[in-house]
Amino acid sequence: MTTPHKATMSFSDGTPSVDFPIYKGTVGPDVVDIRKLYGASGKFTFDPGFLSTAACESKITYIDGDKGELLYRGYPIEQIAVNCDYLETCYLLLNGDMPNPAQKKDFENRVIHHTMVHEQMTRFFQGFRRDAHPMAVLVGCVGALSAFYHDSLDIQNPEHRFVSAIRLVAKMPTLVAMAYKYSSGQPFMYPRNDLSYSANFMRMMFGTPCEDYKPNDVLVRALDRILILHADHEQNASTSTVRLAGSSGANPFACIAAGIATLWGPAHGGANEACLQMLDGIQAQGGVAKIGEFVAQVKDKNSTVKLMGFGHRVYKNYDPRAKLMRETCYEVLGELGLENDPSFALAMALEKIALEDDYFVSRKLYPNVDFYSGIVQKALGIPTSMFTCIFAMARTVGWIAQWNEMISDPDQKIGRPRQLFTGATARDVKPIGNR
Ligand code: CMC
């Protein structure tokens with residue numbers, strides 16, 4: 001909504017000043033619309049890490065980093081985590097509101113009927129080395145889905161976009177579990193549509209054709225909560241990548257593959273894997289007794305060591321997802337009798353020290369969701385190398401909801417950032433003999 005206010009940019013180099021409209025969202029900071037800056041002044045803005053730039057308009061997810069608040073379509077994450085399952089959360093993100101019982105049933109039915117992947121997909125897996133990182137396999141296999149579903153690739157057709165969204169949400173657990181089975185040399189497990197989304201995934205991960213797998217309700221609920229908490233997180237690096245890839249008109253499977261590739265990095269989705277590796281590293285050097293030494297390294301300006309699972313670009317308060325994940329962590333460890341698990345004890349000791357240490361307090365560095373989600377996943381029996389795949393499976397719905405929102409916008413344009421060029425200006429190529 002346009003406000004009656006304007007922003008004026010003035011220049012000391014003689015360029016005439018330029019006025020910009022200011023828009024107000026329903027909540028959050030106002031934004032200054034600088035789109036006409038270049039036309040009016042011949043200048044660009046410079047904001048490489050998007051520290052002050054709203055890259056799009058969105059109605060899906062809102063974060064108040066100072067309050068530690070996360071809303072999906074207006075609903076607080078704390079209420080969603082307690083009252084909804086993952087597929088209801090998917091419905092909410094994709095459609096804008098909570099499903100009623102009939103809508104929930106219909107949505108579940110649609111997802112269930114798309115859980116299998118084309119049998120030919122197994123050949124893609126066989127092309128990878130057995131020791132390939134499962135995220136490498138996932139990037140490749142999700143991208144490959146574009147080659148299978150030509151019937152739903154007209155991105156201007158809302159029905160096609162919906163079918164692609166359902167296919168992606170439905171097939172991700174199957175592909176993630178296949179990536180795991182491939183790495184462990186066990187046969188792929190077909191989905192079982194009488195199980196819930198999360199129970200089906202656990203069965204495809206941990207079941208074998210030799211023996212029936214009985215999902216444990218507490219563990220299934222824990223996995224479902226991991227999925228809910230990771231389902232969307234507004235314009236983070238991977239979501240922005242999906243939007244940028246999608247802005248060119250690329251098909252949704254290719255866009256989600258680009259999102260998965262971005263998620264892989266340790267500063268983003270790879271953090272839970274990195275966090276567990278960090279805990280294992282401290283454990284190997286002596287555990288709790290070595291925390292002081294480790295924290296000193298983290299605080300040393302000359303070292304590159306970071307406390308993984310701490311800090312966030314947006315949250316400058318406790319990440320609300322971390323509180324919920326901490327609760328789940330206790331529940332799972334209790335169910336499995338792992339309360340004295342050394343990784344958990346170490347994590348708790350590290351958390352306590354970091355929350356009291358002035359280095360972290362003054363920089364507003366609090367635990368983020370990944371600090372606990374790695375411990376929960378380890379307790380569920382998920383190997384560390386699979387953690388980011390689970391994150392990708394959860395986030396697929398957020399990516400596709402954001403992609404769909406962008407494509408539905410009639411004013412949508414291809415994303416084309418500009419640059420501050422500091423390289424060589426035009427110069428002549430000398431013949432090879434004269435160089
Ligand atoms: N350990 C130690 N120091 C830190 C950490 C950390 N985890 N995070 C930030 N700092 C320091 C940083 O060195 C800087 O100090 P100084 O002002 O003295 O130079 C200050 O805090 C501000 O940091 P920044 O790098 O400007 O913060 P950022 O917003 O660019 O980075 C972050 C955010 C998440 C990349 C970073 O906090 C980090 O690398 N954390 C560890 C990785 C991690 O847990 N990532 C998961 C994020 S949550 C999952 C998701 O949403 O994807």
Side-chain angles (χ1 to χ4, degrees), residues 47-53 60-66 68-72 77 135 226-242 259-279 281-282 291-326 347 350-351 353-377 384 387-399 402:
D47 186 13
F50 294 94
L51 297 176
S52 293
T53 298
I60 302 174
T61 294
Y62 175 74
I63 304 171
D64 185 326
D66 293 325
E69 179 180 67
L70 169 62
L71 309 174
Y72 291 168
I77 191 68
M135 280 296 276
I226 291 178
L227 300 184
I228 292 170
L229 299 185
H230 287 85
D232 197 39
H233 215 223
E234 55 119 301
Q235 309 312 320
N236 53 80
S238 56
T239 303
S240 301
T241 300
V242 170
I260 296 172
T262 309
L263 188 74
W264 195 356
H268 191 9
N272 49 19
E273 181 176 345
C275 181
L276 215 76
Q277 281 163 354
M278 170 191 81
L279 291 174
I282 304 173
I291 289 182
E293 235 171 79
F294 177 75
V295 170
Q297 256 181 310
V298 169
K299 287 158 59 175
D300 181 357
K301 278 269 169 217
N302 300 316
S303 111
T304 53
V305 179
K306 278 199 165 174
L307 180 50
M308 299 313 286
F310 261 69
H312 200 275
R313 170 61 61 81
V314 183
Y315 293 118
K316 300 303 170 197
N317 198 330
Y318 216 96
D319 176 344
R321 304 168 302 169
K323 279 189 197 142
L324 292 157
M325 198 34 67
R326 191 175 200 264
L350 199 53
E351 182 204 31
I353 289 172
L355 286 174
E356 288 165 0
D357 190 302
D358 186 56
Y359 175 92
F360 299 95
V361 175
S362 62
R363 288 170 177 77
K364 299 189 176 169
L365 299 171
Y366 293 91
N368 58 51
V369 65
D370 291 322
F371 191 70
Y372 300 104
S373 71
I375 301 169
V376 175
Q377 292 187 58
T384 316
F387 289 180
T388 319
C389 292
I390 309 285
F391 191 163
M393 173 172 129
R395 184 57 59 85
T396 292
V397 72
W399 289 329
Q402 301 263 356

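Order of listing sets the numbers, starting from 1, for every ligand and every atom in it. Values in this document were obtained by computation on a predicted structure and should not be read as measured data.
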Point to revise | Nearest-0.5 Å distance that lies between atom CD1 in Ile63 and atom CZ in Arg313 | key: 12.5 Å
Check your understanding: Do Arg321 and His312 have side chains that get closer than 4.5 Å, going by heavy atoms?
Key -> yes
Practice item. Kindly compute the distance separating OG (Ser238) from CH2 (Trp399), expressed to the nearest 0.5 Å. Key: 5.0 Å
Practice item. Indicate the ring-plane relationship of Phe310 and Phe360, choosing parallel, tilted or perpendicular according to the 30° and 60° boundaries. Key: perpendicular
Review point. Where does the angle between the aromatic ring planes of His268 and Phe391 fall among parallel (under 30°), tilted (30 to 60°) and perpendicular (over 60°)?
Key: perpendicular
Exercise for review: Verify the neighbour count for atom OH of Tyr359: are there more than 12 heavy atoms of other residues, nucleotides or ligands below 6.0 Å?
Suggested key: yes
Exercise for review: Show the protein residues that qualify under the rule heavy atom under 4.0 Å from an atom of ligand 1, listing them in chain and number order.
Suggested key: His233, Ala267, His268, Ala271, Val298, Lys301, Lys306, Leu307, Met308, Gly309, Phe310, Gly311, His312, Arg313, Arg321, Tyr359, Arg363, Leu365, Asn368, Asp370
